[in-house]
Each structure stands twice: as C-alpha cells, then as structure tokens.
Amino acid sequence: MRRTSRKCATAIRRAALCALLAPVLPAPALVGTGRAGEPPAHALADKAMLARLAVGRIAKFRFADVPRSLPELRVSSIDGTARRLDDWRGRMMLLNVWASWCAPCREEMPALQGLQEALAADGLVVVTLSFDKTPADAARFLADLGLASLPLLVDPGREALEALSVEGAPTSILVDPSGRELGRIAGAVDWASPEAMLLVKAMIVKSATSVGPAD
C-alpha cells in the first residue's frame, strides 16, 4: 500500500511539473538564430524565461552567461580509482560539492537523493564531490543515511574545488549533457521542493535544444 501511494505521489508530481513547464518553455518551432558570434536568439529567451523559475528556495541559483565546458578534474572514487566527470556525459548532471563536517551539506543530502529519484527517468544524475580529508568519512556518512547509491567522488587535496572556482560548501553546479556548466547555487537547497524540481526539470527540457556555443 505504501509503495502504491508513493508511485501515485510521483505520478502526480510529474504531471504537475509538465503542466507548469508547458507555458514557460518555448516551442521548438520558435527556435531561431542570432548574429554571428552570438548565442541563438532562443537561448537568450530561454534564459530570461528560466530566470523566472529561480524563486523561493532556489532563488540564489545563478545562470552562466554562456555555458562553459568544465575543466579537467583530478578526482577519484572512494577506492582510489581515477574518475572523470565525462563518465556521466550524455546526462544532465547536478554536481554537489560538500563535506561530511559541513552541517548545511549534511542537511541537504537526503533531498538530493529525492531529486535524483524524481528526475532520473528524465535523464538527471546527481554526483557528489566530497573534499573531506579522509574520504572514508564521506562514504560512511552517506551509508549511515542510506544514500550510498549517490555517486561519490573525492577531492581531499581540494584541487577540483579550485579548478571549479568553488568558494564554499555546499555548492551545486548544473552541467548539461555536453559537459558544460549551465549555472550554480551556493548554499544548502531543499532539492525536493517544487521550486527546485521545476527549475531542474526545465533545464533538462532546455538542454534538449541548443543552448548556444560553449565559451
């Protein structure tokens, strides 16, 4: 019974998201092109429309002026295996930078799991990047909360943080399927909130069309 109720709630939430997105996102038939060297006109229009979704608990989300390819990062999995963000190329990725000793980071983590579960079918993957000095602390924390299914990367030397220009934790960076940063938000977010889910869902839909040339 509980599983059935959860499925119904998910279906209702998805229907609500689709209904809300319909009047916000431009139809593909309206896509145009800009002047030479400029992003397509629809990319600019989309940004203005999407900015209207950055309200409430997601109001601090900052869109990139131009989608930028992420730098090469030296990160690894918890067992020391070298990993690259390109491993998730082809999917919209929310990269969450955090540490187990950061109270706001710990508070938002369950909501990140909820976001992943709600939008995985739409192509979203949530990847966590911990800069704990002892990576085992991060793995233990996720396991204790039953969140071990979230991909965990570690950066104990904080080289990746510097390359990403991350100034504090938590910071979440939204990356399109081509590996380009679309925007970021500093500080904890209730990712299970309607505002956050609506914005991420809208960005997934937007990424299905051109977002302009990378810088």
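Atom set for the values below is all heavy atoms of this structure, side chains included, hydrogens, waters and symmetry mates excluded. Starting from 1, each residue takes its place in the sequence as its number.
- Of the inter-residue distances, the one linking S69 atom OG with R180 atom CZ reads 6.5 Å to the nearest 0.5 angstrom.
- Residues K201 and D122 approach most closely at NZ-OD1, 2.6 Å, considering heavy atoms.
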**Report entry** Criterion side-chain contact (heavy atoms from CB on, under 4.5 Å) on L129 and L164, from CA distance to verdict
**Finding:** CA-CA 11 Å; L129 175 60; L164 291 168; 4.2 Å; yes

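- A distance of 11.0 Å separates CG of L174 from CD1 of I185, quoted to the nearest 0.5 Å.
- In this structure, L150 and Q113 have side chains that are in contact, with non-hydrogen atoms separated by less than 4.5 Å.
- Under a hydrophobic clustering in which Ile, Leu, Val, Met, Phe, Trp and Tyr are joined whenever their side-chain heavy atoms come within less than 4.5 Å, directly or via other members, L124 and W88 fall into different clusters.
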Solution key, residues 94-105 side-chain donor-acceptor pairs under 3.5 Å, sequence neighbours excluded:
unit_1, atom_1, unit_2, atom_2, d
N96, ND2, E108, OE2, 2.9
N96, ND2, S172, OG, 2.9
S100, OG, D132, OD1, 2.6

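- Residues F131 and M93 share a single hydrophobic cluster, defined by chaining ILVMFWY side chains whose heavy atoms lie under 4.5 Å apart.
- The CG atom of L199 lies 5.0 Å from the CZ atom of F63; values are rounded to the nearest 0.5 Å.
- Considering all non-hydrogen atoms of both residues, V55 and R52 come closest at CG1-O, 3.3 Å.
- Expressed to the nearest 0.5 Å, how far CG of L147 lies from CE of M109 amounts to 7.5 Å.
- Here the closest non-hydrogen pair linking V189 and A111 is O-CB, 4.4 Å.
- Counting heavy atoms from C-beta on, the side chains of L145 and P110 come closer than 4.5 Å.
- Residue pairs meeting the salt bridge (charged side-chain N to carboxylate O under 4.0 Å, His left out) criterion with at least one member in residues 141-160, sequence neighbours excluded, do not occur.
- Between M197 atom CE and L119 atom CG the span is 6.0 Å, to the nearest 0.5 Å.
- Taken together through direct or relayed side-chain contacts under 4.5 Å among Ile, Leu, Val, Met, Phe, Trp and Tyr, V75 and L112 form parts of separate hydrophobic clusters.
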Query raised in the report: Should I58 and S193 be marked as a side-chain contact (heavy atoms from CB on, under 4.5 Å) after you check the CA-CA gap, both sets of side-chain angles, and the distance that decides it?
Result: CA-CA 9 Å; I58 201 75; S193 69; 6.0 Å; no

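- Under a 3.5 Å cut-off, the side chain of R89 and the backbone N or O of S178 do form a donor-acceptor pair.
- Here the side chains of V175 and L85 are not in contact, with every heavy-atom distance at 4.5 Å or above.
- In the hydrophobic clustering of this structure, F61 groups with L115; members are Ile, Leu, Val, Met, Phe, Trp, Tyr whose side-chain heavy atoms approach within less than 4.5 Å, directly or through other members.
- Here the closest heavy-atom approach between residue P135 and residue K133 is recorded as CD-O, 3.4 Å.
- Under the 4.5 Å side-chain contact rule for hydrophobic residues, I173 and V125 share a cluster.
- Sorted pairs that involve residues 170-198 and meet ring-ring contact (aromatic ring centres under 6.0 Å, His included), not counting sequence neighbours, are lacking altogether.
- Side-chain atoms of T134 never come within 3.5 Å of backbone atoms of D137 as a donor-acceptor pair (strictly under, hydrogens ignored).
- Between E72 and R84 the shortest heavy-atom distance is OE1-CD, 4.3 Å.
- In this structure, the side chains of V166 and R184 come closer than 4.5 Å at one or more pairs of heavy atoms.
- With rounding to the nearest 0.5 Å, the separation of CG in L142 from CZ in R140 is 11.0 Å.
- Nearest approach of E195 to R57, heavy atoms of both residues: OE2-N, 4.1 Å.
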